[in-house]
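Written below as structure tokens is the structure these notes are about.
Computed over heavy atoms, backbone and side chain alike; hydrogens, waters and symmetry mates excluded. As the structure lists them, so they are numbered: ligands from 1, and atoms in each ligand from 1.
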Amino acid sequence: MLLAPSILSADFSQLKEDIETVREAEWLHIDVMDGHFVPNLTIGPLVVKALRPHSEQVFDTHLMITHPEAYIDAFIEAGSDQITFHIETVDNAEALIDALHEKGVKAGISIKPATDIAAIEPYLHKLDLVLVMSVEPGFGGQAFMPASLDKIRQLAHIKEAKGYDFAIVVDGGINQETAKLCTEAGANVLVAGSYIFKAKDRAKQMDTLRV
Ligand code: DX5
Ligand code: ZN
């Protein structure tokens, strides 16, 4: 099981110091929002570029933006290692997955709580990760939606049955209790923002998710 702290809940006036406090986590989750696909504005490639020299973690970039294809080059140049886009934002998911792979980064697709697994099933064989949203995308600190556990189970089932190797990532409302439910359902990666960054001792707080 891998951890991906979401820097959305970090202190933006001292991001460099804050990411140092979560260096034991394998990935760093970067939430990119455009005020259009979701009602919030956050991080662009400039911030990714500024953080890149200060971390060796996998930069896991979650694009919550329309026209993700227009921005992938900028995020790759800035230092993203993997890019996840929302299935609800693209006409040709396969072309975008292929483009990401050709450019040397890992490709992920995310689904909103109202979107079924069926929408991404045709692409699962090509994906490096699937990001199941367990809250409505847009903000940190929301309550976990238990219906997402079923999606995790469905994905784990397909993965096992077909021998695929995408990571099952869950994002939103993760705490000690929901982490356990997600891991039991088959998730391999936990994204957590407020739960990790609200704690004084982040390393200890992250350990509570690894049980
Ligand atoms: C929400 C973002 C999440 C968010 C999670 O749209 O995709 O990554 O930071 O925050 P918590 O863990 O506080 O729910
Ligand atoms: Zn996210």
Side-chain angles (χ1 to χ4, degrees), residues 1-12 15 18-19 21-22 25-45 47-48 51 57-66 68 71-72 75 80-89 106-115 120 127-149 151-152 166-183 187-200 202 205-210:
M1 204 267 294
L2 306 180
L3 290 181
S6 165
I7 62 168
L8 186 61
S9 290
D11 179 344
F12 277 43
L15 275 180
D18 267 15
I19 65 170
T21 67
V22 295
E26 293 81 4
W27 295 4
L28 205 61
H29 185 81
I30 300 163
D31 285 308
V32 177
M33 306 187 189
D34 66 352
H36 185 228
F37 177 63
V38 290
N40 197 4
L41 286 165
T42 56
I43 296 163
V47 175
V48 175
L51 292 179
Q57 287 156 301
V58 170
F59 275 16
D60 173 50
T61 311
H62 178 190
L63 300 182
M64 287 161 275
I65 62 176
T66 50
Y71 297 94
I72 62 171
F75 281 100
S80 291
D81 298 296
Q82 46 198 34
I83 294 189
T84 297
F85 61 90
H86 269 264
I87 193 66
E88 301 88 359
T89 63
K106 291 193 170 172
I109 297 188
S110 184
I111 50 173
K112 296 214 287 185
T115 304
I120 58 168
L127 288 173
D128 300 293
L129 70 98
V130 174
L131 180 69
V132 175
M133 285 306 306
S134 41
V135 297
E136 279 304 332
F139 301 92
Q142 304 179 75
F144 181 82
M145 298 167 82
S148 52
L149 292 170
K151 290 189 190 172
I152 295 170
F166 56 83
I168 303 174
V169 188
V170 59
D171 183 7
I174 295 299
N175 54 37
Q176 189 170 16
E177 186 187 325
T178 56
K180 192 163 181 283
L181 297 174
C182 291
T183 312
N188 328 106
V189 187
L190 303 173
V191 176
S194 51
Y195 181 75
I196 292 174
F197 283 101
K198 75 178 180 195
K200 267 217 169 76
R202 275 91 191 241
Q205 188 81 335
M206 290 195 294
D207 283 343
T208 68
L209 295 176
R210 291 198 193 267

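The name of the N, O or S atom in H29 nearest to the Zn ion (ligand 2) is NE2. Among heteroatoms of the N, O or S kind in D31, OD1 lies nearest the Zn ion (ligand 2).
Annotation: angle subtended at the Zn ion (ligand 2) by H62 ND1 and D171 OD2 is 90°, to 10°.
Near G172, meaning under 4.0 Å from one of its heavy atoms, ligand 1 places the atoms 14 (O). Close approach to D31 involves these atoms of ligand 1, each under 4.0 Å from a residue heavy atom: 2 (C), 3 (C), 4 (C), 7 (O), 8 (O), 9 (O). In summary, the atoms of ligand 1 found under 4.0 Å from a heavy atom of H29, numbered by their order in the structure, are 8 (O). Residue-ligand proximity, A192 to ligand 1, at heavy-atom distances under 4.0 Å covers atoms 12 (O). Close contacts between ligand 1 and M33 involve ligand atoms 6 (O) [criterion: under 4.0 Å to a heavy atom]. For ligand 1, the atoms closer than 4.0 angstrom to any heavy atom of P137 are 6 (O). Close approach of ligand 1 to H62 (heavy-atom distance below 4.0 Å) involves ligand atoms 7 (O). Set against the non-hydrogen atoms of M64, the atoms of ligand 1 under 4.0 Å away are 6 (O), 7 (O).
The distance criterion of under 3.5 Å between nitrogen or oxygen atoms is not met by I174 with respect to ligand 1. Between S9 and ligand 1, no pair of N/O atoms sits closer than 3.5 Å. Geometrically, ligand 1 and S194 share a nitrogen or oxygen pair separated by less than 3.5 Å. At least one N/O-N/O distance between G193 and ligand 1 falls below 3.5 Å. Of the polar atoms of G140, none of the N or O atoms is found under 3.5 Å from an N or O of ligand 1, judged by distance alone.
Here I196 contributes atom CD1 and H29 contributes atom NE2; the two are 11.0 Å apart, rounded to the nearest 0.5 Å.
For the side-chain contact (heavy atoms from CB on, under 4.5 Å) criterion with S110, the lone passing option out of T84, V130, L63 is T84.
For atom 3 (C) of ligand 1, the nearest non-hydrogen atom of the protein is D171 OD1, 2.9 Å. Scanning the protein for heavy atoms near atom 11 (P) of ligand 1, the closest one is G141 N, 3.6 Å. Of the protein's heavy atoms, G173 N, 2.8 Å lies nearest to atom 14 (O) of ligand 1. For atom 6 (O) of ligand 1, the closest non-hydrogen atom on the protein side is G138 N, 2.8 Å.
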Let me see the working for V189 and D60 under side-chain contact (heavy atoms from CB on, under 4.5 Å), right down to the final yes or no.
-> CA-CA 11 Å; V189 187; D60 173 50; over 6 Å; no
Please report the C-alpha distance between Q205 and F197 in whole Å, then the side-chain angles of each, then the deciding distance to 0.1 Å, and finally whether the side-chain contact (heavy atoms from CB on, under 4.5 Å) criterion is met.
-> CA-CA 9 Å; Q205 188 81 335; F197 283 101; over 6 Å; no
Begin from the C-alpha positions of D18 and T21 and carry the test side chain to side chain donor-acceptor pair (under 3.5 Å) through to its verdict.
-> CA-CA 5 Å; D18 267 15; T21 67; 4.9 Å; no
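Between I30 and F75 the shortest side-chain heavy-atom distance does not fall below 4.5 Å. Looking at heavy atoms from C-beta onward, L190 lies in side-chain contact with V170 at the 4.5 angstrom threshold.
Contacts between S6 and ligand 1 below 4.0 angstrom, taking non-hydrogen atoms only, involve the side chain exclusively. Residue F139 touches ligand 1 through its backbone alone, judged by heavy-atom distances below 4.0 Å.
Ring planes of F37 and H86: tilted class, angle from 30 to 60°.
Heavy-atom distances between F144 and ligand 1 stay at or above 4.0 Å for every pair.
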